[in-house]
Colleague: 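Quick one: structure below, then a few questions.
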Amino acid sequence: MIDVLIVGAGPNGLMLACELALAGVHPVVLERRPTPGGEPRANGLVGQVVRLLDRRGLYARLSGDDGPPSPQPAFAFGAFPLDLTVLADNPHYVLGVPQAQLEAALAARAAELGVDLRRGHDVVDLRQRSDAVEVDLADGTRLTARFLVGADGGRSLVRRTAGIEFPGVTNDRSVSRTATVTVPASSLDPETGGLLAPGYGIVPPFQHTRTPRGLIAWAPFPGRPALLSTTEWPDAPTSDETPMTLAELRASVTRVLGVDVPFGPADGPGLLRRLTGGNTRIAARYRAGRVLLVGDAAHVHPAMGGPGLNLGLQDAVNLGWKLAATVRGWAPEGLLDTYEAERRPVAERVVMSTQAQSALIGPGEEITGLRELFAELLRIPEVTGHIAALMSGADVRYPADPADPMAGRSAPEVVVHGDRGPVRLAELTRTARPLLLDATGGWAEVAAPWRDRVDVVTGRLTGTTATGLLVRPDCFVAWSAGNADTLRAALTRHFGPPR
């Protein structure tokens with residue numbers, strides 16, 4: 001019997017597979033597509049997930065940079081530019097890699113860890129037993145697994161077949177058009193790389209620009225085709241049945257900006273895509289018996305601010321160690337149920353953020369008035385900091401001991417100064433094992449009965465005032481230097497009774 005069967009080899013399914021493998025559980029991943037998909041989707045990673053990839057040793061692979069990631073000095077919220085240099089502690093990170101590159105890196109890592117990835121395997125049905133899940137494939141094959149995880153996207157067959165409802169709203173008010181294009185050099189601002197639109201001005205790169213008539217975004221990615229996109233709110237619904245054309249996008253750009261902008265087709269195969277409306281939905285349950293959901297299978301929302309992979313990949317890392325602990329038999333009672341308890345509120349907060357941004361970019365003079373007020377608020381550094389924490393996920397705190405100010409939060413950028421010299425926390429968390437950092441030499445003795453599950457590293461700590469930190473495999477703090485009793489309680493609550 002397979003321990004864990006994952007349906008879907010997108011970023012979330014592959015990340016979960018890697019986490020399980022690191023924890024000693026080797027899953028099977030089924031992917032309907034026979035080969036990796038190359039179609040443009042997400043264009044990068046935004047938020048605290050960039051730090052998480054660093055803590056698994058994946059940031060260097062994707063960025064080509066051996067050092068730690070640096071915060072982004074600017075971003076956008078609801079087509080407002082955010083100056084993040086005003087923040088003393090900027091939590092916002094960005095890694096500009098296309099989704100296809102991310103999937104390739106995760107697939108390579110999964111192969112290194114011995115994950116069984118099977119492409120061209122289409123799931124058509126599933127049934128739950130008390131001790132397992134039976135899965136039928138299109139070729140007539142039947143597989144049996146102790147647990148099944150749906151990482152198969154917003155139209156998840158796993159979610160539907162498991163009987164999990166997907167409440168929310170669907171609207172057809174907006175029409176978004178996107179294409180890969182080429183633009184003459186004379187139409188580019190040499191200082192910013194923005195798009196010159198005579199009679200309008202400069203459309204800045206890598207952010208949404210709103211006019212009372214719509215939204216436009218210009219993304220001149222280095223080393224790959226530039227993307228140009230618009231969003232409008234037409235009086236009548238638009239049909240998606242006819243293929244989108246470059247002429248259609250050109251007409252939309254003219255309506256949004258009020259002027260013509262010269263551009264042509266991309267060199268080689270390109271993207272021409274029209275999307276009407278959108279969905280905002282969260283699964284009624286993240287778990288039904290032995291079936292669980294991650295990523296878009298559990299939640300879909302507008303793409304404003306790019307939070308999708310930040311949310312989905314951290315779903316996978318939160319679930320991975322808990323599911324592995326359950327399979328291996330040391331999970332404390334109820335640990336697997338904390339996956340939904342911790343991650344659903346994060347999804348709800350992302351939905352709130354993306355809906356708010358969607359409202360702020362809408363058409364009409366009343367929205368223009370709202371934006372004028374919002375622009376005033378963004379001149380207050382505390383407001384900018386609040387929004388940066390919201391967009392990056394740095395404000396996430398899982399349920400924890402209220403007397404412990406660090407518990408439930410993402411671990412800080414600690415450096416341990418021990419026998420090996422200074423070592424970053426990111427270098428100690430690549431094995432995805434629970435970790436106790438001990439600055440006193442005394443906490444290690446308390447944790448000794450958990451030595452089969454929890455690694456201990458002793459040394460002077462910088463980057464925190466705590467004398468000890470218990471870090472979960474997902475790099476959230478379970479405990480920060482209370483006393484021996486509170487440490488034992490945290491070890492038991494998260495990692496089960498000692499053996």
Side-chain angles (χ1 to χ4, degrees), residues 1-34 103 106-107 109-153 155-164 166 283-298 312-313 315-331 333-340 343 432 473-474:
M1 183 185 296
I2 298 166
D3 283 329
V4 180
L5 192 62
I6 301 170
V7 179
N12 301 318
L14 291 170
M15 190 74 184
L16 176 61
C18 291
E19 293 294 299
L20 290 167
L22 285 167
V25 174
H26 294 281
V28 173
V29 182
L30 303 180
E31 171 54 49
R32 177 178 54 81
R33 299 171 299 178
E103 287 187 13
L106 291 173
R109 179 59 175 151
E112 294 169 5
L113 294 170
V115 170
D116 184 356
L117 171 56
R118 305 177 187 179
R119 298 191 182 275
H121 287 65
D122 193 5
V123 174
V124 295
D125 199 9
L126 66 89
R127 290 165 306 284
Q128 291 206 56
R129 306 188 323 226
S130 60
D131 62 341
V133 183
E134 294 178 345
V135 177
D136 294 335
L137 306 185
D139 63 2
T141 304
R142 177 171 296 173
L143 301 175
T144 305
R146 294 178 63 185
F147 290 94
L148 174 68
V149 181
D152 51 340
R155 299 179 179 179
S156 171
L157 180 138
V158 170
R159 184 189 63 239
R160 296 196 309 272
T161 310
I164 300 175
F166 204 33
R285 295 173 289 163
Y286 281 23
R287 179 186 180 189
R290 293 180 175 271
V291 176
L292 298 108
L293 306 174
V294 296
D296 288 357
L313 290 173
D315 283 350
V317 175
N318 184 289
L319 175 60
W321 70 276
K322 297 172 181 178
L323 187 52
T326 302
V327 169
R328 298 189 66 188
W330 59 256
E333 174 132 9
L335 179 67
L336 195 54
D337 289 328
T338 67
Y339 165 59
E340 178 173 352
R343 295 305 296 168
D474 58 358

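The basis for the numbers below is simple: all heavy atoms, side chains too, and nothing from hydrogens, waters or symmetry mates.
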Colleague: Using modelled atom types only, decide if a donor and an acceptor are shared between the side chain of Arg146 and the backbone of Val327 within a distance under 3.5 Å.
Modeller: yes
Colleague: Do Tyr339 and Asp315 come close enough that some side-chain heavy atom pair is under 4.5 Å?
Modeller: yes
Colleague: Less than 4.5 Å apart, side chain to side chain, heavy atoms only: is that true for Leu22 and Arg109?
Modeller: yes
Colleague: Is the closest side-chain heavy-atom distance between Val124 and Leu137 below 4.5 Å?
Modeller: no
Colleague: Might you confirm whether atom CZ of Arg119 has over 12 heavy atoms from other residues, nucleotides or ligands at distances under 6.0 Å?
Modeller: yes
Colleague: Would you say Asp474 and Leu319 make side-chain contact, with heavy atoms under 4.5 Å?
Modeller: no
Colleague: Are any of the side-chain heavy atoms of Val317 and Met15 separated by less than 4.5 Å?
Modeller: yes
Colleague: Return yes when atom CD of Glu112 has more than 12 non-hydrogen atoms of other residues, nucleotides or ligands closer than 6.0 Å, and no otherwise.
Modeller: yes
Colleague: How close do Gly8 and Val29 get, counting heavy atoms only, and between which atoms?
Modeller: O-CG1, 3.8 Å
Colleague: Measuring from atom CZ of Arg118 to atom CG of Leu143, what distance do you get when rounded to the nearest 0.5 angstrom?
Modeller: 6.0 Å
Colleague: In Å, rounded to the nearest 0.5 Å, how long is the span from CD1 of Ile2 to CG of Leu148?
Modeller: 10.0 Å
Colleague: What distance separates Arg127 CZ from Thr161 OG1, expressed to the nearest 0.5 Å?
Modeller: 10.5 Å
Colleague: Are side-chain heavy atoms of Leu336 and Leu292 found at a separation under 4.5 Å?
Modeller: yes
Colleague: Where is the tightest heavy-atom contact between Ala288 and Ala162, given as atom of each residue plus distance?
Modeller: CB-O, 4.3 Å
Colleague: To the closest 0.5 Å, what do you measure between CG (Asn318) and CG (Leu323)?
Modeller: 11.0 Å
Colleague: Spell out, as yes or no, whether a donor-acceptor pair under 3.5 Å connects the side chain of Asp136 to the backbone of Arg142.
Modeller: no
Colleague: If we only count heavy atoms from C-beta on, is the Ile6 to Leu20 side-chain gap below 4.5 Å?
Modeller: yes
Colleague: So, does Arg290 use its side chain to make a donor-acceptor pair with the main chain of Val133 at under 3.5 Å?
Modeller: no
Colleague: Which atom pair, heavy atoms only, marks the closest approach of Ala297 to Gly150?
Modeller: CB-O, 3.5 Å
Colleague: Is the Lys NZ or Arg CZ of Arg159 less than 6.0 Å from the centre of Phe166's six-membered ring, within 45° of the axis?
Modeller: yes
Colleague: Does Ala23 offer a backbone N or O that forms a donor-acceptor pair with the side chain of Arg328 under 3.5 Å?
Modeller: yes
Colleague: Which heavy atom of Val294 sits nearest to which heavy atom of Ala151, and what is that distance?
Modeller: CG2-CB, 3.6 Å
Colleague: What are the two closest non-hydrogen atoms of Met1 and Arg129, and how far apart are they?
Modeller: CE-NH2, 3.9 Å
Colleague: Which heavy atom in Pro11 sits nearest to a heavy atom in Leu313, and how many Å separate them?
Modeller: O-CD2, 3.5 Å
Colleague: Quick one: does any side-chain atom of Asp152 pair with a main-chain N or O of Leu157 as donor and acceptor, under 3.5 Å?
Modeller: yes
Colleague: Give me the one residue out of Val291, Leu30, Leu126, Val149 that meets side-chain contact (heavy atoms from CB on, under 4.5 Å) with Leu5.
Modeller: Leu30
Colleague: Please examine the side chains of Leu335 and Trp321, heavy atoms only from C-beta on, and report whether any two atoms are closer than 4.5 Å.
Modeller: yes
Colleague: Is there a donor-acceptor pair closer than 3.5 Å between any side-chain N or O of Arg287 and the backbone N or O of Gly289?
Modeller: yes
